[in-house]
Amino acid sequence: MQKKLKLWDAVMLVMGSMIGSGIFIVSADMMRNLGSGYWLIVVWIITGTMTVAAAISYGELSSLFPKAGGQYTYITEIFGKKMGFLYGWGLFTVIQTGTIAAVAMAFGKFTAYLVPDLNNAAPIFQSGEFQITWIQILAIAVIILLTYINTRGVESGKILQNLFTGSKILALLGLIALGFILVDFSHLAENFSFGTDSFSNLIKDKKGNFLQSGWEPISGMTLMGGIAAAMVGSVFSSVAWESVTFVSGEIENPKKNVVKAMILGTSAVMLLYIAVNFVYINALDRDSIAFAANDRVAVAASQNIFGSAGTVIIAVLVMVSTFGCNNGLILAGARVFQTMAKDGLFFKSAVENNKNQVPSNALWMQGIWASVLCLSGQYGNLLDMISFVIVLFYMITVFGVIYLRIKQPNLERPYKTWLYPITPIVYLVIGTAFCILLLIYKQQYTWPGFLIVLLGLPVYYLINRSKKSDS
């Protein structure tokens, strides 16, 4: 593969793939689970610590296996083809494509803020609860457009990625600065006045709306469950940084630049996320965060900062953010499916590069399935289910660093995990606690996603049986 991506491009891919729509929305649900500005920031710090610890640990694997496929390649090399396939299966069925669908739908929904006719238009098709709307069609159009741009060569995708990621970073920095300068009344002291006390408010009325008077103090294991539930949102907002490992084969000096990109990119994004949440708790009181209309905390905060123009400002920012995020996800994901095809674990046609030296067939397969998920309307439910599985695969990969150190201590490691073994252990401890608490308190987020991945086992055996019969 041609090495057309420099360190800066790789950092932009990490940051651009991470910053989508989550940071503008998930803090509402997090506040409902925890009821305190203190705990809201603590959960973002825990998530940031996890994310950067994982990136530091992945760096060692990226220097050992500096080729396309990234995390799929690491898992396959360390734990074998079956485990690698299950990760790739999960990535294609839900993780990558479901995220692409969700981010494209967020683009559509915030576009409808600026073009109300999109919201008000009658469904194109409706049968019972299933319907196809113009917002879904817009989301699919975005996926198709970005897929097409990326089939024109990695250079096209790179330029688009750098432009949109740079724009949204500058916009977020502006929002953070003005969120303290322009707010008439600060709620910061009020939101921190609860101290380490925590509260939950998940009671709904008959219409499904949250009751603002339903705050109840929580502590002990119930608080632990609240933290885990809140982390579903912060973790989902902080994934996809590993996308840069998928395109290792196209990055200059991948043994050094991939790890640098992951550590620089994840650290910068997590600092931005924490700062944005300080803006929310400065501009809004607890109820305004927890019960923001449609969970759009950023819109509510922006209206307090910029007045009536706030809605338009945030709508444009989210559109830029989601468009750039999806470009990064589309660019990177297809490289995994191409690598799987080379290993005989995906459609054979995905192996081929087109005349622009990019895996166009893999790009279109990914784009078509993401579009189907948009039409199904189930991408949101699938992503709730899969957060647990994403962390499980992160944990397996991070554990791979320790496993390889024990099994093959003499391997030449161009980069060694900083503060080993503390860094991978920090991730594994936090990740294990997160997964156990979800299994106990929020099972709707765990078993369904786990079962989706396990459905890959019969597919794996079917592929291997057909390969044996062919030979």
Side-chain angles (χ1 to χ4, degrees), residues 1-18 52-81 83-85 87-88 91 96 153-155 157-158 161 240-267 328-329 331-343 345-346 350-351 353 357-359 362 393-394 396-405 407-418 420 423-424:
M1 287 184 169
Q2 297 176 333
K3 310 282 187 185
K4 290 190 174 181
L5 301 175
K6 301 184 189 306
L7 174 60
W8 174 255
D9 305 318
V11 172
M12 289 294 99
L13 180 57
V14 171
M15 296 183 73
S17 298
M18 287 178 76
V52 177
I56 291 169
S57 303
Y58 272 49
E60 186 165 315
L61 301 177
S62 74
S63 69
L64 280 170
F65 311 112
K67 51 187 178 182
Q71 189 171 350
Y72 161 77
T73 301
Y74 310 156
I75 293 172
T76 303
E77 293 278 355
I78 300 167
F79 300 111
K81 276 194 170 184
M83 187 66 80
F85 174 80
Y87 170 72
L91 199 75
Q96 197 79 359
V154 74
E155 200 78 35
K158 177 183 86 172
Q161 189 65 24
W241 50 268
E242 76 281 5
S243 291
V244 73
T245 70
F246 302 163
V247 294
S248 294
E250 292 157 274
I251 294 174
E252 283 183 2
N253 194 4
K255 289 186 178 183
K256 290 185 178 178
N257 285 342
V258 173
V259 61
K260 284 181 183 176
M262 286 192 291
I263 295 171
L264 290 171
T266 54
S267 301
L329 294 169
L331 186 157
R335 272 64 178 180
V336 180
F337 311 130
Q338 182 185 42
T339 306
M340 288 177 70
K342 288 176 180 175
D343 292 342
L345 297 175
F346 200 69
V351 171
N353 275 344
Q357 295 304 304
V358 292
F393 278 119
Y394 279 158
I396 289 167
T397 311
V398 169
F399 174 71
V401 176
I402 299 171
Y403 182 80
L404 270 187
R405 286 281 189 109
K407 297 292 272 186
Q408 299 186 54
N410 298 322
L411 271 179
E412 184 188 341
R413 291 170 168 83
Y415 162 83
K416 290 187 176 181
T417 299
W418 184 58
Y420 177 90
T423 307

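Values in this document were obtained by computation on a predicted structure and should not be read as measured data. As a basis for the values below, the full set of heavy atoms in this structure was taken, side chains included, without hydrogen atoms, waters or symmetry mates.
For the residue pair P66 and S63, the shortest heavy atom distance occurs at CD-O, 3.8 Å. The two residues A240 and L329 have their closest heavy-atom pair at CB-CD2, 3.7 Å. The shortest heavy-atom contact between L345 and F85 is O-CE1, 3.5 Å. Contact between K260 and L7 at its shortest, heavy atoms only, is CB-CD1, 3.8 Å. The nearest pair of heavy atoms linking A350 to A341 is CB-CB, 3.8 Å. Closest approach of S243 to A332, counting heavy atoms only: O-CB, 3.4 Å.
Looking at L91 and F246, their side chains come closer than 4.5 Å, going by heavy atoms from C-beta outward. Within the 4.5 Å cutoff, no side-chain heavy atoms of I56 are placed close to those of T266. Looking at D9 and K4, their side chains never come closer than 4.5 Å, going by heavy atoms from C-beta outward. Within the 4.5 Å cutoff, the side chain of M340 has no heavy atoms near those of the T76 side chain. At least one side-chain heavy atom of E155 sits less than 4.5 Å from a side-chain heavy atom of K158.
With sequence neighbours excluded, the residues satisfying side chain to side chain contact (heavy atoms under 4.5 Å, CB included) with V259 are S62, I263, Y415. For the salt bridge (Lys or Arg N to Asp or Glu O under 4.0 Å) test, residues two or more places apart in sequence or in another chain that qualify with K6 are E252. Looking at residues two or more places apart in sequence or on another chain, you find a salt bridge (Lys or Arg N to Asp or Glu O under 4.0 Å) between E60 and R405, R413.
In this structure, a donor-acceptor pair under 3.5 Å is present between the side chains of Q71 and Y87.
The backbone N or O of D343 sits less than 3.5 Å from a side-chain atom of K81, completing a donor-acceptor pair. Using modelled atom types, one side-chain atom of S248 and one backbone atom of T245 make a donor-acceptor pair closer than 3.5 Å. Not a single donor-acceptor pair under 3.5 Å links the side chain of S57 to the backbone N or O of V398.
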Quiz item: Where do V154 and R335 land on the side-chain contact (heavy atoms from CB on, under 4.5 Å) test, with the steps shown first?
Solution: CA-CA 11 Å; V154 74; R335 272 64 178 180; 4.0 Å; yes
Quiz item: Would L61 and I78 count as a side-chain contact (heavy atoms from CB on, under 4.5 Å) if you check the C-alpha gap in whole Å, the side-chain angles of each, and the deciding distance to 0.1 Å?
Solution: CA-CA 10 Å; L61 301 177; I78 300 167; 3.8 Å; yes
Exercise. Take L5 and V244 through the side-chain contact (heavy atoms from CB on, under 4.5 Å) test and state the conclusion after the steps.
Key: CA-CA 10 Å; L5 301 175; V244 73; over 6 Å; no
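Distance CZ/F79 to OG1/T397: 7.5 Å, rounded to 0.5 Å. With rounding to the nearest 0.5 Å, the separation of CE in M12 from OG in S17 is 11.0 Å. To the nearest 0.5 Å, atom CG of residue L64 and atom NZ of residue K416 are 10.5 Å apart.
Between K67 and E77, at least one side-chain nitrogen of the basic residue sits less than 4.0 Å from a carboxylate oxygen of the acidic one, meeting the salt-bridge criterion.
The aromatic rings of Y74 and Y58 sit perpendicular, their planes meeting at an angle over 60°, well past the 30° parallel limit.
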